[in-house]
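Report on the structure given below.
Here the structure is a predicted model, which means the values were calculated and not measured. Counting begins at 1 with the first residue of the sequence. Both counts, for ligands and for their atoms, begin at 1 and track the order of listing.
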Amino acid sequence: MRFSQAFIPTQKQIPADAEVPSHQLMLRTGMIRLHLSGVYSFLPLGWRVLRKVAQIIREEMEQIGAQEFLLPTLSRKDIWEKTGRWQQAGDLMFRLKDRRGADLCLPPTHEEIFTSIAAGEIRSYRELPQIWYQIQTKFRDEPRPRSGVLRGRQFLMKDSYSFDTDQEGLERSYQLHRRAYLRIFRRCELETFTVSASSGIMGGSESEEFMISSPAGEDEVVLCRDCDYAANLEVATAGEQQSDSPSPSAQSQAEKVFTPEKKTIEAVSEFLELSPSRLMKSLLFISERGPVMALISGEDQLDEAKLNRELKCEFRPATPEEALELTGAHLGFIGPVGLKKEVMIIADLSLKDQDDLLTGANQDDFHLKGLEPGRDFRVEKYAQLRMVQSGDPCPCCGAALEISPAIEIGHIFKLGTKYSQALEATYLDPQGEQHPIVMGSYGIGLERIVASVIEQHSDKDGIVWPISIAPYQIHLLPINPAHQETKELSEQLYQGLLGKGLEVLIDDRELRAGTKFKDADLIGIPLRATIGEKGLNQGKVEIRFRKSGKVIKVDKAVALAKIEEIVREMEKTVQSSEN
Ligand code: ATP
Ligand code: MG
């Protein structure tokens, strides 16, 4: 490509509305432009990179026997109703009506459509296993689209689905994906780690996320530095600490205290000059199994995923009216003692064996202090309900846990039979008995890979592309294209390299050399060959590696062969590190 004819609208200035480095650099290199909040156009340079990522994904998916489909991005409603996700997806799902008034949606993911194809076509165990995939646009009306393409409302996902006869087959398909994902990320030179994760809206039993560590990340991961424990904060558990500071007074007695209008942990702890660790949060929920009060220490946060695991059903916070009816008090003054109605009480493990705790008295403007669980109120169940905090002990080895931000780039799920049962995707076994197909689902975000690579591979001057997904492999930079010998040699190199099947950008613009060098560093093509009068007088061409900054000077006569050799070598290094 000739830069003079290319559409690569680079920008010197850091865009004011972009915070994370990848977002800034994708704008500055002219890879993307904003169309509407969370929706971007990919311009030629960005699209080249995205296509390369897609190609790597395709190769690795084909390698594990997956077959490519292309499903619609407009979907009918009934299949989503059958799985319950028409409701469950809520505002995340873009919905529309056709001219006849039929409800349609733009799928945020494609379990329903793939499963409905399996339901319509697969009859026998002989047709299984299958792995199906596509690279297709997803639509999600994210509450906070941000960080450029890292969290868009429209994005490309490679999503695949495995169909097996049993759990063992699912395990095999899952492990195939796991290895394929690791190869994909390695080929993109992404340093990733995996964490156990929550299945969220997908349902199913087990799932893992592939993460990169990054301050731009919106996920928080809990890591143990001493052992392999790693989990998304959403599902992380801590080892239970033996409380080393016994409660202040062993003979505490329940006693009502006047706390006018003090409704929050902060307000009560300040008013009574008590540490939040002596306070207990009483949180009231309405679940499918009835009202539930969750008790946690005043210094902890409730982890709703953990409460969900204990209750095994849906729940929501009680409204002020419901709270009044169940407890006799307004929110802020509720507690487990003297409830008006039957409420299930479930307490965080850290509250077990504590006494002298303080919480709402179920009477407005009053709290109760000196409380001891089990003595002053009954607890149906103790479980870990609190969110892990940094410094908590690791559940595996007891060492201190760390919490750090990360970007999720891939997610693999063992779905089981949730979708196949809902959509009647079944097969007949050799005895002629019918069973639901056992499924897995696996996603990778393509724009997230591109942005994550930039997060991991950039410096103050710009992007530093790995050769595997660089928009071009070689950047030819004739310093003064009007100079005859410069022009001849650079043209010769350009044509010669293209002839070898290499991807070349030649900056044939008649601009100041400084501007061209700046653009070259910004765009970040891995190899730059500079052709200038000074070098040519000594018969040399200068080759510079974007990553290391290393420069080598080669004879102009062998420049073509040398550049090709270096590119092939760089490509080989990525390929051979795969196995
Ligand atoms: P997140 O927790 O970041 O919202 P998710 O867990 O909802 O993501 P999945 O349903 O697991 O996402 O989707 C699979 C992959 O699709 C993710 O690992 C990520 O790479 C990509 N992805 C998901 N949401 C977005 C988005 N809004 N913008 C860009 N990529 C996304
Ligand atoms: Mg996910």
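Thr109 does not count as a contact of ligand 1, since none of its heavy atoms falls under 4.0 Å from the ligand. Distances from ligand 1 to the non-hydrogen atoms of Glu447 include no value under 4.0 Å. At least one heavy atom of Leu150 sits closer than 4.0 Å to an atom of ligand 1.
With a 4.0 Å heavy-atom cut-off, ligand 1 is reached by the side chain of Arg448 but not by its N, CA, C or O. Contacts of Arg151 with ligand 1, taken as heavy-atom pairs under 4.0 Å, involve both backbone and side chain. Of all the heavy atoms of Arg140, the ones lying under 4.0 Å from any atom of ligand 1 belong exclusively to the side chain.
Among all heavy-atom pairs drawn from Tyr427 and Thr165, the shortest one is OH-O, 2.8 Å. Across Leu505 and Ile525, no two heavy atoms sit closer than the pair CD2-CD1, 3.8 Å.
When the Mg ion (ligand 2) is compared with the N/O/S atoms of His411, atom ND1 turns out nearest. Nearest N/O/S atom of Glu408 relative to the Mg ion (ligand 2): this is OE2.
To the nearest 0.5 Å, atoms CG (Asp91) and CZ (Arg140) are separated by 14.5 Å. Here the OH-OH distance, from Tyr442 to Tyr181, works out to 9.0 Å after rounding to the nearest 0.5 Å.
Remark: ligand 1 atoms within the under-4.0 Å shell around heavy atoms of Glu142 are 24 (N), 26 (C), 27 (N). Annotation for ligand 1: atoms under 4.0 Å from non-hydrogen atoms of Val149 are 29 (C). Per-residue contacts place Ile409 under 4.0 angstrom from the following atoms of ligand 1 (heavy atoms of the residue considered): 18 (O), 20 (O).
The distance criterion of under 3.5 Å between nitrogen or oxygen atoms is met by Gly445 with respect to ligand 1.
Taking the ring centre of Phe155 as origin, the terminal cationic atom of Lys138 falls outside the region bounded by 6.0 Å and 45° from the ring axis. Under the 6.0 Å distance and 45° angle rule, Arg48 counts as a cation-pi partner of Tyr472. Annotation: cation-pi pair Arg95/Trp80 absent, no NZ/CZ under 6.0 Å from the ring centroid and within 45° of its normal.
Tested against Phe114 for a ring-ring contact (aromatic ring centres under 6.0 Å, His included), the candidates Tyr419, Tyr133, Phe69 yield a single pass: Phe69.
Among Lys138, Glu234, Lys158, Met157, the residue whose heavy atom lies closest to atom 13 (O) of ligand 1 is Met157. Among Phe155, Phe413, Phe139, the residue whose heavy atom sits closest to atom 23 (C) of ligand 1 is Phe155. Among Met211, His411, Glu408, the residue whose heavy atom sits closest to atom 18 (O) of ligand 1 is Glu408.
A perpendicular orientation is assigned to the rings of Phe285 and Phe315, their planes being inclined by more than 60° (bins at 30° and 60°).
Here Glu142 does not pair with Arg153 in a salt bridge; the nearest charged N to carboxylate O distance is not below 4.0 Å.
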